[in-house]
Amino acid sequence: MVAQVIAVEPFDLVVFGATGDLAIRKLIPALYHRDADGQIPAEATITGVSRRNLSSEAFRAMAREAIGTHVGASDHEAAAIERFLARISYIPVNATGEEGWAELAAHFADTKRILVCYLSTGPDLFVPICERLGACGLAAKARLVVEKPIGKNLDSARAVNDAIGRHFPESRVYRIDHYLGKETVQNLMALRFANALFEPVWNAAHIDHVQITVAETLGVEGRAGYYDTAGALRDMVQNHILQLLCLVAMEPPPTLAADAVRDEKLKVLQALAPITPENVRDSAVRGQYRAGASASGAVPGYLEELGNPDSHTETFVALRAEIANWRWAGVPFYLRTGKRLPSRVSEIVVAFRPIPHSVFDKSAGPVRSNRLVIRLQPDEGVKLWLMIKDPGPGGMRLRRVPLDMSFAETFAVRNPDAYERLLMDVVRGNQTLFMRRDEVEAAWSWVEPILQFWASTDDAPRAYTAGTWGPTASVAMIAKDRRTWHEEMV
Ligand code: BG6
């Protein structure tokens, strides 16, 4: 099957932090794929910007290497690579000083194309770059793309958003949460709003609880410096996991227009029951990995990787959230994420309530509840677990089996990386999959009391061995509600 490609308008994309990890691993490969598929018009340009004093030639060589390393060999097409590289140039600019800004402004002064400034830099540079973009005149016409994290807490997020807002109207600001660009995340919207089947049962009367797990096998790799100032709650929950929760829990928006969707997500965030110092111990577990094993062999613990034996930064978090509104009252949302877990898996499990009465004999076996499992990665797909009669003669025996829609098998197309869609959405001017200022701040308002509580106690995060599913306290937290974390059922 061939995916449908609609070319976007001509654009000039300026990537700040162009020699950094995100640009090399994600942005350049994503742009190459869109170009190779014919989505990027001939006149479009890509300009790398960073403090390093490189020539355009040298930056093109880096881009070539990025494609070589981060694009699958089957997608290397010599002509497409040359065409892509020909769009690329480089301008050295000092984000916090004067150097380079005049050249940058002059370069784009007369462009009639859509101008996009992508801040793929450390968060400490967001404000200085916005100020300079304002001062040099580019902010007056550019769209601004910012990565997470926006701030470290509510106050600092407001300060960053205020600084952005001084130079860019909200209608030109694109706050990236790359989880929203993942194919299956969008499928969640298709599932909920393109099928009449689910909406009548999508509420507390029929859903027992929801689980959202984002598990990683990797440790903090080379990012310990950043990670130690963040931790799993800030790094994954405040943004990615709460966004997933919003998409599961929001009311059907009237349309997919950006503000229609974002208004509904905001209401969910505002309805999250606060986690307070009184209930935080029952509703939040934080963990930190110790030396153990991963698929590649023995791995050191977080503190050794960091080189600081005193860090209390969590590399795992499990939360029990509740949404205080009519649709979801009393339905727990269990959220969990961590580094150095046994497998890389992200999924949303919607667990339905048990049947009210069984007509079957004991010999039929237990009647287990239905579950809808939306797998984000790997093996994207949706499974609906149903009870059926065990086939064949003999008595009535029941079994739970999945209606299994594995997207890789069903649709033989390459699954695009989230950044491919999101970058093209910026050019299209579609903000639906980007976070609005008030969403970011509402998410901080909910996580902040947890952060403050942790900061105020001397308790260390609970230890877990690398390669296990986090501290036992996470199992105990859900077990207290007589439930268990989802494992693939047979
Ligand atoms: C990033 C986090 O936002 O998401 C990383 O900062 C994390 O710590 C990553 O590893 C996970 O993204 P993905 O797409 O690999 O699931």
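This one's a predicted model, so the numbers in the text were calculated from it and none came from an experiment. Both counts, for ligands and for their atoms, begin at 1 and track the order of listing.
Close N/O approach between Lys182 and ligand 1 is found [any backbone or side-chain N/O within under 3.5 Å]. In terms of polar-atom proximity, defined here as any N/O pair under 3.5 Å, Tyr226 makes no such contact with ligand 1.
Using a 4.0 Å cut-off between charged nitrogen and carboxylate oxygen, Asp235 and Lys148 count as a salt-bridge pair. Using a 4.0 Å cut-off between charged side-chain N and carboxylate O, Arg437 and Glu439 make no salt bridge.
Close contacts of ligand 1 with Asp235, meaning ligand atoms under 4.0 Å from a residue heavy atom, involve 2 (C), 5 (C), 6 (O), 8 (O). Numbered from 1 in the order shown, with element, the atoms of ligand 1 that lie under 4.0 Å from a heavy atom of Glu216 read 7 (C), 10 (O), 11 (C). Within ligand 1, the atoms closer than 4.0 Å to a non-hydrogen atom of Lys148 are 1 (C), 2 (C), 3 (O), 6 (O), numbered from 1 in the order shown. With ligand atoms numbered from 1 in the order given, ligand 1 contributes 5 (C), 7 (C), 8 (O), 10 (O) to contacts under 4.0 Å with heavy atoms of Lys339. Listed by number with element, the atoms of ligand 1 under 4.0 Å from a non-hydrogen atom of Gln377 are 13 (P), 16 (O).
Taking the six-membered ring wherever Trp is involved, the centroid distance between the rings of Tyr118 and Phe16 does not fall below 6.0 Å.
With a 4.0 Å heavy-atom cut-off, ligand 1 is reached by the side chain of Arg344 but not by its N, CA, C or O. Proximity of Tyr179 to ligand 1, defined as any heavy-atom pair under 4.0 Å, is confined to the side chain (atoms from C-beta onward).
Heavy-atom neighbours of Arg51 CZ from other residues, nucleotides or ligands within 6.0 Å: at or below the threshold of 12.
His178 NE2, 3.1 Å is the protein heavy atom nearest to atom 12 (O) of ligand 1.
A side-chain hydrogen bond (donor to acceptor under 3.5 Å, both in side chains) with Arg421 is found for exactly one of His178, Gln186, Glu183, namely Gln186.
In this structure Phe434 satisfies the ring-ring contact (aromatic ring centres under 6.0 Å, His included) test together with Tyr174, sequence neighbours excluded.
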| request: Show your reasoning for whether side chain to side chain contact (heavy atoms under 4.5 Å, CB included) applies to Thr184 and Ile374. | output: CA-CA 8 Å; Thr184 323; Ile374 300 145; 3.7 Å; yes
